[in-house]
Amino acid sequence: MRQYKEEDVVKRLRDPKTQRDAFAEVVAAYSEKLYWQIRKMVLNHEDANDLLQNTFLKAWSNLDNFRGDAKLSTWMYKIAVNECITFLNKQRAINNVPLDDTDIYLLQTLKADDYFDGDKIDEKLQEAILNLPEKQRLVFTMKYNDEMKYEEISEILGTSVGALKASYHHAVKKIEAFLTKDL
């Protein structure tokens with residue numbers, strides 16, 4: 001397989017003759033990263049796999065709408081994040097979970113997931129993250145876990161860099177307070 005170069009892939013995505021092969025490269029290049037971004041949001045392995053497939057299906061069916069204003073990776077992350085938000089909102093509605101109880105619902109989802117192999121410390125960290133408001137949780141996981149730059153997160157979430165920095169700062173403080181409250 002050739003080395004992945006985004007500019008080259010984007011050109012080949014626009015050509016009907018090379019589009020399918022180029023998209024296969026996109027899938028290969030972003031599957032693992034997108035899976036883990038999705039998994040951090042929905043916490044369940046099966047749901048994450050389904051949402052990853054939905055992300056690629058949506059990207060494939062909307063290739064004509066990709067203008068190239070942002071990087072292809074940013075566009076893919078944006079689709080994945082939006083798919084997760086839609087999914088979580090549907091799950092909350094189905095399970096009659098109020099918005100401020102989302103952390104409890106997701107924590108129960110995490111504990112019930114056969115693929116979660118975290119210890120008590122990891123579970124406590126996840127619980128601290130789940131106690132954050134959704135936007136802070138997203139910013140925290142993208143910045144802390146994925147080591148994304150604020151500019152990239154800004155493009156994905158459509159929020160200013162300054163607001164993202166403030167969200168991250170508040171998230172870190174809340175997580176620290178949660179983890180040290182019983183010490």
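With hydrogens and angles disregarded, no donor-acceptor distance shorter than 3.5 Å links the side chain of Ser154 to the backbone of Tyr150. The closest donor-acceptor contact from the side chain of Thr74 to the backbone of Glu155 lies at 3.5 Å or more, if one exists at all. Not a single donor-acceptor pair under 3.5 Å links the side chain of Asp47 to the backbone N or O of Leu43. Using a distance-only test at 3.5 Å, with no hydrogens or angles considered, a donor-acceptor pair links the side chain of Gln19 to the main chain of Leu13. Judged by distance alone, with hydrogens and angles left aside, the side-chain atoms of Gln136 form no donor-acceptor pair with the main-chain N or O of His170 at under 3.5 Å. Looking at Asn44, its side chain does come within 3.5 Å of a backbone N or O of Glu46 through a donor-acceptor pair.
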Show your reasoning for whether side-chain contact (heavy atoms from CB on, under 4.5 Å) applies to Val42 and Gln91.
CA-CA 10 Å; Val42 301; Gln91 291 303 307; over 6 Å; no

Start with the C-alpha gap between Lys71 and Val10, add the side-chain angles, then the distance that decides, and say whether side-chain contact (heavy atoms from CB on, under 4.5 Å) holds.
CA-CA 9 Å; Lys71 290 178 10 183; Val10 169; over 6 Å; no

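Within a 6.0 Å radius of CZ in Arg20, other residues, nucleotides and ligands contribute 12 heavy atoms or fewer. Atom CD of Glu32 has 12 or fewer neighbouring heavy atoms from other residues, nucleotides or ligands inside a 6.0 Å radius.
Salt-bridge check for Lys40 with Asp146: passed, with a basic side-chain N closer than 4.0 Å to an acidic carboxylate O.
Here the straight-line distance linking atom CG of Asn82 with atom CG of Leu51 works out to 11.5 Å at 0.5 Å rounding. The OG1 atom of Thr18 sits 13.5 Å away from the CZ atom of Phe23 when rounded to the nearest 0.5 Å. Distance NZ/Lys143 to CD1/Ile153: 6.0 Å, rounded to 0.5 Å. Cys84 contributes atom SG, which lies 5.0 Å from atom CD1 of Ile38 (distance to the nearest 0.5 angstrom).
Two residues are said to be in side-chain contact when any heavy atoms from C-beta on lie closer than 4.5 Å; Met142 and Leu157 meet this criterion. Taking the side chain as every heavy atom from C-beta outward, Arg14 and Leu63 never approach each other to under 4.5 Å. Looking at Asp8 and Arg12, their side chains come closer than 4.5 Å, going by heavy atoms from C-beta outward. At a threshold of 4.5 Å between non-hydrogen side-chain atoms, the residues Ile175 and Phe178 do not count as touching. Using a 4.5 Å heavy-atom cutoff, the side chains of Ile79 and Glu83 are in contact. Using a 4.5 Å heavy-atom threshold, the side chains of Met76 and Phe56 count as touching. For the pair Phe87/Met41, no side-chain contact is recorded, criterion being any heavy-atom separation below 4.5 Å from C-beta on. With a 4.5 Å cut-off on side-chain heavy atoms, Leu88 and Glu134 count as touching.
Within the structure, salt bridge (charged side-chain N to carboxylate O under 4.0 Å, His left out) contacts touching residues 164-174 (residues at least two apart or in different chains) are Lys173-Glu176.
Both Leu132 and Ile85 belong to a single network of hydrophobic side chains, linked directly or stepwise wherever heavy atoms of I, L, V, M, F, W or Y lie under 4.5 Å apart. Connection of Leu52 to Leu57 is not established within any shared hydrophobic cluster, with ILVMFWY side chains joined at heavy-atom distances below 4.5 Å, either directly or through further cluster members. Linking ILVMFWY residues whenever their side-chain heavy atoms come closer than 4.5 Å, directly or via other members, places Trp36 and Leu125 in the same cluster.
Of the options Tyr4, Tyr35, Tyr77, a side chain to side chain donor-acceptor pair (under 3.5 Å) to Tyr30 is made by Tyr4 and by none of the others. Under the side chain to side chain contact (heavy atoms under 4.5 Å, CB included) test applied with Thr55, the options Val81, Leu34, Val27 reduce to a single match, Leu34.
Here the closest non-hydrogen pair linking Ile156 and Met148 is CD1-CE, 3.8 Å.
Applying the side-chain hydrogen bond (donor to acceptor under 3.5 Å, both in side chains) criterion to Asp50, with sequence neighbours excluded, gives no partner residue. Taking the side-chain hydrogen bond (donor to acceptor under 3.5 Å, both in side chains) definition, one finds that Ser73 meets it with nothing, sequence neighbours left out.
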